[in-house]
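Report on the structure given below.
Naming: A, B, ... by sequence-line order, numbering from 1 per chain.
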Number of protein chains: 2
Amino acid sequence: MPDSEYRDIRKLDLFAQMADDNFTSLMRGAYVQNFPAQIELITEGEPSDFLHIVVSGSVDLFSTWNGRETSMATVRPISTFILAATIKDAPYLMSARTLEKSRIALIPSQDVRAIFDADSNFARAIVTELAQCYRSVIKAQKDLKLRTSLERLANYLLRQQRHAGGGAAFELDFEKRRLASVLGMTPENLSRAFKGLQPYGVSVTGTRISIDNQADLERFAKPNPLIDDFST
Amino acid sequence: MPDSEYRDIRKLDLFAQMADDNFTSLMRGAYVQNFPAQIELITEGEPSDFLHIVVSGSVDLFSTWNGRETSMATVRPISTFILAATIKDAPYLMSARTLEKSRIALIPSQDVRAIFDADSNFARAIVTELAQCYRSVIKAQKDLKLRTSLERLANYLLRQQRHAGGGAAFELDFEKRRLASVLGMTPENLSRAFKGLQPYGVSVTGTRISIDNQADLERFAKPNPLIDDFST
DNA sequence: CCGACGGGTTGACATATATCAATTGATTTG
DNA sequence: CAAATCAATTGATATATGTCAACCCGTCGG
């Protein structure tokens, strides 16, 4: 593993505070690999042998049932995924596939569990990370159960806008069919939802979004920190 | 706090393995209180000063947005709620109200965080509990995004049946309007959904459910451990 | 006993969302 | 360049779900 990557991983909240030698021994068992786009990294139901870290590229977490499929989340550098399965030594609940050419680090789950017991800073970081993940899913569930698809899209755009720096115009960070799945609707419906937001000053050209009337859109979307603020 | 309650709480997965004196000091700051039915214990958005434990009775976790409300989960004895907010020292994402006369133990959040650092067995238990909670929400989200309301009801009935011992007839454990909210539908729709399951051998009399054709219902519901199995 | 109340149900209807088919437009590929 | 491909869009239509109003039927308190 190149030194720069090693340092990037070290800087993750999950690893930043732990003892040097614990981090080193965690990394000793780890390996890093490049994957092309559209490769299925893990499949739901399989045992969770490795904690995964996206070093570069991006990964889609999705689930299937009865022939249907839905996107649950997107993982971007640098962060981990399937931490909960690793901790519980339980089967993956979601599958993961690369969205683009990606570099993934794999840390044996048993090493993570062992170092957890040995390093209380690491333990605290894992707990914080898990609590964060839990709260994110709760927010997503509130979004799904309390809002219509039009409201979900409106709030998604406001979040994305803020994430992109807050300017009136910004880019969607993934293709619309995946956005539709993340928001819990069909691509056709997303297309109509964008039109439905035109009266509130939203215009779309390809992946470029422009919010021409911030106040109007916010009045419609009614964003709420207890749903839309990812940092708390 | 009576001795029997003290021992019951001690037996919780969360506290079972921790050192005696740590448990004692955790309980020293705690207090237990009786609440009547329909009392709002916590309100979303407020700071999370206490970890809550339902000793007896039951508690509804719910959320609101823009005048709408939805039930997120029901907490029954003996288990904790809002662990994640306590750990992160962040605002509650959900409100909680007693469904019936209930006895609730309250442990100051800062004590939980302090003992976490001092007791690695407690730390591990918290991580396991949080991972469990996280996975439960992921399952709930898959249920919501991948299934129709009829399918959700069918699978709920199968889960409830198993929970009740597996017999052909069993009782719903809460009122239908709340069940509707938990399943993400209106009471009217739930009523129709029950009718929609009649062809699969489901009959309903008040809160009593009878599954007359197990195989038929399962063929329709297609239960899946990665969504419906709460233990993994 | 009566009447108020609340949960549950039902029917009629409105709205939201999905589905299917066809088209466009951009990109890739031979 | 032309054919093939695929995401995105659009229109027509079907299905799912919500809303509103009415009603039923227990329970509870006067």
Side-chain angles (χ1 to χ4, degrees), chain A residues 36-38 60 62 65-71 74 97 99-101 143-157 171-199 202-209 220-221, chain B residues 36-38 60 64-71 97 99-100 143-157 171-199 202-209 220-221:
Chain A
Q38 305 299 337
D60 182 34
F62 64 100
W65 178 80
N66 192 27
R68 298 166 211 165
E69 175 180 321
T70 189
S71 261
T74 303
R97 75 162 76 90
L99 287 169
E100 53 192 307
K101 197 163 164 301
D143 194 43
L144 271 175
K145 290 185 77 175
L146 290 168
R147 290 171 170 163
T148 66
S149 59
L150 200 59
E151 290 163 345
R152 289 200 295 278
L153 176 61
N155 280 290
Y156 172 82
L157 293 179
E171 297 282 330
L172 290 177
D173 58 353
F174 41 59
E175 60 178 0
K176 290 180 184 170
R177 54 175 34 242
R178 285 204 55 252
L179 176 57
S181 184
V182 168
L183 293 177
M185 54 176 128
T186 58
E188 294 95 326
N189 229 339
L190 176 63
S191 213
R192 292 175 187 121
F194 273 121
K195 291 212 158 164
L197 290 180
Q198 275 177 11
V202 174
S203 45
V204 186
T205 316
T207 59
R208 185 151 196 87
I209 308 293
F220 170 74
Chain B
Q38 305 300 337
D60 182 35
T64 58
W65 178 79
N66 193 26
R68 300 166 209 166
E69 175 180 322
T70 189
S71 261
R97 75 162 75 89
L99 287 168
E100 53 191 308
D143 194 43
L144 271 175
K145 291 186 77 175
L146 290 167
R147 289 172 171 162
T148 66
S149 58
L150 201 59
E151 290 163 345
R152 288 200 296 278
L153 175 60
N155 281 290
Y156 172 82
L157 292 179
E171 296 283 329
L172 290 178
D173 58 353
F174 41 58
E175 58 178 359
K176 290 180 183 168
R177 53 177 37 242
R178 285 203 56 252
L179 176 57
S181 184
V182 168
L183 293 178
M185 54 178 130
T186 58
E188 293 97 326
N189 230 339
L190 176 63
S191 214
R192 292 174 187 123
F194 273 122
K195 292 213 157 163
L197 289 180
Q198 275 177 11
V202 175
S203 44
V204 186
T205 315
T207 60
R208 185 149 196 88
I209 308 293
F220 170 74

For the pair [X] (side chain) and [Y] (backbone), establish whether a donor and an acceptor sit closer than 3.5 Å, ignoring hydrogens and angles.
{"X": "Lys145(A)", "Y": "Glu69(B)", "answer": "no"}
{"X": "Arg152(B)", "Y": "Arg147(B)", "answer": "yes"}
{"X": "Lys176(B)", "Y": "Gly206(B)", "answer": "yes"}
{"X": "Thr148(B)", "Y": "Glu151(B)", "answer": "yes"}
{"X": "Ser181(A)", "Y": "Ser71(A)", "answer": "yes"}
{"X": "Asn155(B)", "Y": "Ala221(B)", "answer": "yes"}

[X] [atom1] to [N] [atom2], straight-line distance once rounded to whole Å:
{"X": "Arg147(A)", "N": "dA16(C)", "atom1": "CZ", "atom2": "C1'", "result": "18 Å"}
{"X": "Met185(A)", "N": "dT19(C)", "atom1": "CE", "atom2": "C1'", "result": "16 Å"}
{"X": "Arg178(B)", "N": "dG6(C)", "atom1": "CZ", "atom2": "C1'", "result": "17 Å"}
{"X": "Leu144(A)", "N": "dT17(C)", "atom1": "CG", "atom2": "P", "result": "11 Å"}
{"X": "Glu188(B)", "N": "dA14(C)", "atom1": "CD", "atom2": "C1'", "result": "13 Å"}
{"X": "Leu146(A)", "N": "dA16(C)", "atom1": "CG", "atom2": "C1'", "result": "17 Å"}

Notebook entry, point to check: Atom CG in Leu197(A), atom CZ in Phe220(A): separation rounded to 0.5 Å?
Noted result: 6.0 Å
Note to self: Just verifying a value: how many Å separate Glu175(A) CD and Leu99(A) CG, rounded to the nearest 0.5 Å?
What the structure shows: 8.0 Å
Check: Listed in order of residue number, which residues of residues 189-197 of chain B have a non-hydrogen atom at under 4.0 Å from DNA chain D?
Finding: Asn189(B), Arg192(B)
Check: Hey, where on DNA chain D does chain B first and last touch, going 5' to 3'? Cut-off is any atom under 4.0 Å from a heavy atom.
Finding: dT17(D) to dC20(D)
